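Everything below concerns the one structure shown next.
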2 protein chains.
Amino acid sequence: MSQDQIKELVDRYISLSFSVAKKGENLVKCQIGDDLTNDQHYTLRYIHNVNVCTSTELAEVFEVKKSAITAIINRLWEKGLIQRTRDEKDRRVVYLTLTEKGNMLFAETENRIHKLVESLINRFEQKEIEQFLDTYEKLNQVLTESKDFKVEE
Amino acid sequence: MSQDQIKELVDRYISLSFSVAKKGENLVKCQIGDDLTNDQHYTLRYIHNVNVCTSTELAEVFEVKKSAITAIINRLWEKGLIQRTRDEKDRRVVYLTLTEKGNMLFAETENRIHKLVESLINRFEQKEIEQFLDTYEKLNQVLTESKDFKVEE
DNA sequence: AGTAATAGTTAAACAGTTTAATTATTAAAC
DNA sequence: GTTTAATAATTAAACTGTTTAACTATTACT
């Protein structure tokens, strides 16, 4: 691959990833409505998937500081969507789970997002999506491995 | 495509897009350093590409309200990276351009991001990237057309 | 001339973020 | 065993980015 070809691919990727991220976020926000923010929904999704977790775990997964998690969990807790339970063995630990209300709201919201994504996916051939997702998955892996990428001077 | 197949593809896409976005943002942030935020860099990139623009144009492109643009432009202006010039014909309009300093900082930062993305892209076959970007581009188009998607009840 | 619309800003309020300090608890060292 | 480390979570202050609503200045319409 020549330098020019690489530069062109890099440029294309950078502007596409920016544009797709912005537009995707906005569309998701429309589906979620006013009860939750996107980040709050993502948080509910994670807890829903793992069933139980801690702030430390969320901070690692979302790659933010624990105090950022405390803030977001506080807001979900104030809305009655999340339960905090202290570990009786190790009383430093607080387990996070969804309340009944949290589960309901998540299910509703997730359903709308599913319908949105389904309507997007239906615009493609199955084969094309699968290829796309395969590369996307690989990209996700490469991003994980590049976590400590440094430009050599 | 069966319902289950669709559901699986949708699930895969949702979690991947979330994960890739988060990790990508974090990697970019590492390259940008402490002089700029990601959004500030994106703003500089847009102005750099079009050379001259207005707040209204930025608000449309970024899909945010104009007051959000005022805030971000103020911060870039305070750092001496952006120039504001009133239109002499229509004195309501303010043209935004990069200052010398803005151009320099953008070039430096963009260069580091380019090297990052290049290192990512090099992990793939050229053919695979091109296919991926083609679908990504189509997705971007579909997202634009879906701007007013509503779930039918 | 008088009313609409447009471009941009300001102010208040909120979500999400970081850094630094703090509390409570457990683990390790000696 | 007591003291020192480390860990889990929270709090407080500060900042960025966002929206809504009100406002200023200017231009366009009728």
Side-chain angles (χ1 to χ4, degrees), chain A residues 18 21-23 25-26 28-30 32-44 46-47 52-79 81-97, chain B residues 18 21-23 25-30 32-47 52-79 81-97:
Chain A
F18 176 50
K22 275 266 179 217
K23 287 174 183 160
E25 262 177 44
N26 275 317
V28 166
K29 198 187 298 170
C30 291
I32 289 181
D34 293 331
D35 293 335
L36 294 172
T37 65
N38 286 13
D39 284 333
Q40 287 169 1
H41 176 72
Y42 290 142
T43 307
L44 292 187
Y46 185 83
I47 300 176
V52 189
C53 73
T54 63
S55 286
T56 304
E57 182 180 343
L58 281 171
E60 279 162 9
V61 173
F62 290 179
E63 299 182 38
V64 295
K65 295 286 177 292
K66 274 192 288 192
S67 52
I69 300 297
T70 300
I72 206 170
I73 294 296
N74 275 340
R75 290 180 200 111
L76 292 169
W77 182 82
E78 280 158 20
K79 295 182 196 190
L81 305 173
I82 278 191
Q83 209 166 11
R84 293 196 235 224
T85 321
R86 279 226 116 81
D87 184 332
E88 285 306 319
K89 292 274 178 56
D90 183 345
R91 299 190 47 75
R92 292 170 300 183
V93 178
V94 175
Y95 294 118
L96 304 171
T97 50
Chain B
F18 176 52
K22 274 267 178 214
K23 287 175 184 160
E25 262 177 42
N26 275 316
L27 270 168
V28 167
K29 197 187 298 169
C30 291
I32 289 182
D34 294 331
D35 293 336
L36 294 172
T37 65
N38 286 13
D39 284 333
Q40 287 169 1
H41 175 73
Y42 290 142
T43 307
L44 292 187
R45 172 185 293 129
Y46 184 83
I47 301 177
V52 188
C53 73
T54 64
S55 286
T56 303
E57 182 180 343
L58 281 172
E60 279 162 9
V61 173
F62 290 179
E63 298 181 40
V64 295
K65 294 287 178 291
K66 276 192 287 191
S67 53
I69 300 297
T70 300
I72 206 170
I73 294 297
N74 276 340
R75 290 182 199 110
L76 292 168
W77 182 82
E78 280 158 19
K79 294 182 196 190
L81 305 174
I82 277 189
Q83 209 166 10
R84 293 198 236 224
T85 321
R86 279 225 116 81
D87 185 333
E88 285 307 319
K89 293 272 179 57
D90 184 344
R91 298 192 47 74
R92 291 171 299 183
V93 178
V94 175
Y95 294 119
L96 305 171
T97 50

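Quick note on labels: first sequence line is chain A, next is B, and so on, each numbered from 1. Only a predicted model underlies this, so the values are computations on that prediction, with no experimental measurement involved.
- Taking only side-chain atoms of B:V93, from C-beta outward, the nucleotide of C:dG8, D:dA8, C:dT17 with the closest atom is C:dG8.
- Side-chain atoms of A:S67 lie closest to C:dT18 of the nucleotides D:dT18, D:dT10, C:dT18.
- Atom pair B:N74:CG and D:dC15:P shows a separation of 15 Å (rounding to whole Å applied).
- If B:I69 and B:K29 are placed on DNA chain C by their nearest nucleotide, the residue sitting closer to the 5' end is B:I69.
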5'-to-3' dot-bracket of DNA chain C (Watson-Crick, G-U; under 3.5 angstrom; crossing pairs as [ ]; | other strand): |||.|||||||||||||||||||||.||||
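- Remark: C1' of C:dG8 and CH2 of B:W77 are 15 Å apart, rounded to the nearest angstrom.
- Residue contacts shown for A:T70 include a base, since a base heavy atom lies under 4.0 Å away.
- Proximity note for B:K65 (side chain, C-beta onward) versus D:dA9, C:dT10, D:dT20: the nearest is D:dT20.
- The stretch residues 85-92 of chain A touches DNA chain D through A:R92, each having a heavy atom under 4.0 angstrom from the strand.
- Across the protein-nucleic acid pair, A:K66 atom NZ and C:dT19 atom P stand 14 Å apart, rounded to whole Å.
- Atom pair B:R75:CZ and C:dT9:P shows a separation of 13 Å (rounding to whole Å applied).
- Contact check of residues 36-46 of chain B against DNA chain C (heavy atom, cut-off under 4.0 Å) returns no residues at all.
- Between B:V94 and A:K79, the residue anchored nearer the 5' end of DNA chain C, judged by the nucleotide with its closest heavy atom, is B:V94.
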